[in-house]
Amino acid sequence: MKSFKSIRYRQVHLDFHTSEHITGVGSNFDEEQFISCLQSAQVDTINVFAMCHHGWSYFDTKVGKPHPHLETNLLPRMLDACSKNDIEAPIYITVGFNELSAREHPDWVAIAPEGDDPYGPPKSAGPEAPRSTGFDGWHMLCLNTPYLQYLLDYTKEVMERFQPVGIFYDIVGEYPCVCSFCRDSLKEMGLDENNPDHRKQLAKKVYLNYLQKTSELIWSLNPETRLYHNCCTEKMGEKQYYPYYSHYDIESLPTGGWGYDYFTSMVRYIRKQDFQYLGMTGKFHKSWGEFGGFKNPAALKYECQQMLAFGARICIGDQLHPDGRMDEETYRIIGEAFDGIAAKEPWCKDTTSVAEIAILSANALMDAEDSRTSDMGAYMMLEEGHYLFDIIDDSVDFSVYRIIVLPDCIRVSDALQRKLEDYIAGGGNLIMSAESGLRSDRPEFALDLGVEFDGKSEWDVDYTLVTDQLTGSLVRSPFLNYESGYKVRVDRAEVLAQSYRPYFNRRYGHFCSHLHAPAKEEADYPAVIKHGNIIYLAQPLFRLYRKHGVQLYRDLFLACVKQFISAPTVKTDLPSAGKVNLTRQSNGTDYVLHLLYAVPILRGDTQVIEDVLTLKDISVQIKLDEKVKQVMLLPEMTMIPHRTDDDGYTSVSVNLTGHQMVLFET
Ligand SMILES: [Zn+2]
């Protein structure tokens, strides 16, 4: 993969989607006020707009059309001001949404196949009908039409005229389409427009062609230009598209629909790829386009610290008022969020994350509907248990991990079977659940688990009773599984927990109480078995945890983890909402442990963070291969006392308000 210059840490994405029904666009733009806002907030990079979702441009373009009420040559003025003040300014160009192009070229508009959610406004909606918000209702342009050439011509103009440090394309991806161009293409390819798989095949081809054409053009003009194609619904494992990115931008406004765990899960996958990455949040209380919306400063600060702790550059989304004047209160709050980041950056650059467990991503490997739910359940349990872990696909080296987790629905191909067998032969351990581990083409296990697979349980729900082999705070009576497990017949495996069946499934003819029938007796299948280096959980425990949050499920899984890892690299009494991340510094000998703690709570329909409490005397024990010489709090470099015991654990005690970095020098 190509390598690019280091990306800066404190960025703003300045949205500017501006209706043609608004006048005086840019009339109050003032270089001094613009730069003073950015500098006061310590912003070092800002994405500025060439063309917005409304299709208008903010400069005297020859290819596109300037906004009809643009009162000044806004983009060049912004770029000049940034350049004079050493602020990098990548240029934003809309792709998928373009209202002007949709009006001028109705034949360029993508048409969703019958039965799919329609692109654009509902057919029945007149111009005065109240409009939906967010991403609904925008016309989607099809990249299999002459629109692609328009976009390329436009990009060429922007590149030649401004020589930007980067291009940020927005709203791209695989969009199945049955416009006249796509119907012709399907015919030419011998594909059937009524077949969803065929339409998907064309959508992939069209997207790949767009990626190739745009990146070829941009990098032929300047191979150092940063390039990102923003697709906010991307699944893990779409690696065929990565050669066309210079870096990865994890868009995830926690209160804008992504939630507080999207970034911290996605980053564990993206950091294993070969590029720099950013996290992108927003200054809004909720999401994009929210004029007058302000996020709690404590929340924004914590989100920035979290990105830094996981090795990401930080970008905060804002939207500029149409008159071009920056909102000074916004930049006061962004300034508070960025305060302290610069001092921490040197310990976050060019580091490698340490992980001893990997979740093999069901989302990356499988098309199963619930795959991401299962990944997220596994992610939550390991994060709340403060383990060091990555989320991976099947292309990475398994041997660096002590455990690989296969959540719920990972069927095993011949190639994956060989890779897993090699991993186990090398001393690796597997924990898998439900359908994971079954061959991709038939319902039998691809690996030797010492059991025979016997299909899905006939019960709607079942119960788990653990044996004394599993320790921790697990209850010693059968606990409920909201979805029953898969049946296996034990041959040579050790049973660590037994499934219990209910009296009967709940039906109108026979039911008991309000929910489900109580446990009656042992079912004819176990709940957890262990065979050599493999633990198998019969219930789809990961998606159950994601959906229901039952702590016992996490306790059960972490008790299984302890079967294989009795001495984890990091041990801490941080509360379950705390997060840890350990990075190896570029000198190869020092380590920085990031500790994070803040608790989002649901108020109204939005998760908010307001009170970031100080946790006193958090105990941290760390076991490194090298002997720890000294321990310091960063960025102040304050030495703190430490003690190393006979088991090789170095113990320290730290206070934590939001984010704390601890340097272990070896
Ligand atoms: Zn099309």
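Source: prediction; values computed, not measured. In listed order, ligands and their atoms are each counted from 1.
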Under 4.0 Å between a Lys/Arg side-chain N and an Asp/Glu carboxylate O for Glu483 and Arg543?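 Yes, Glu483 and Arg543 are salt-bridged.
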Salt bridge or not between Lys286 and Asp605? Use side-chain N to carboxylate O under 4.0 Å. yes
Do side-chain atoms of Thr373 reach the backbone of Ser371 as a donor and acceptor pair under 3.5 angstrom? no
Going by chain and residue number, what protein N/O/S atoms come nearer than 2.8 Å to the Zn ion (ligand 1)? Cys142 SG, Cys177 SG, Cys179 SG, Cys182 SG
Have a look at His17 and tell me which of Trp288, Phe291, Trp56, Tyr92 forms a ring pair (Phe, Tyr, Trp, His ring centres under 6.0 Å) with it. Tyr92
Give me the one residue out of Phe16, Phe97, Trp138, Phe49 that meets ring pair (Phe, Tyr, Trp, His ring centres under 6.0 Å) with His54.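 Output: one option passes, namely Trp138.
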Qualifying residues under salt bridge (charged side-chain N to carboxylate O under 4.0 Å, His left out), relative to Asp393, sequence neighbours excluded: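 In terms of salt bridge (charged side-chain N to carboxylate O under 4.0 Å, His left out), with neighbours along the sequence ignored, Asp393 is linked to Lys239.
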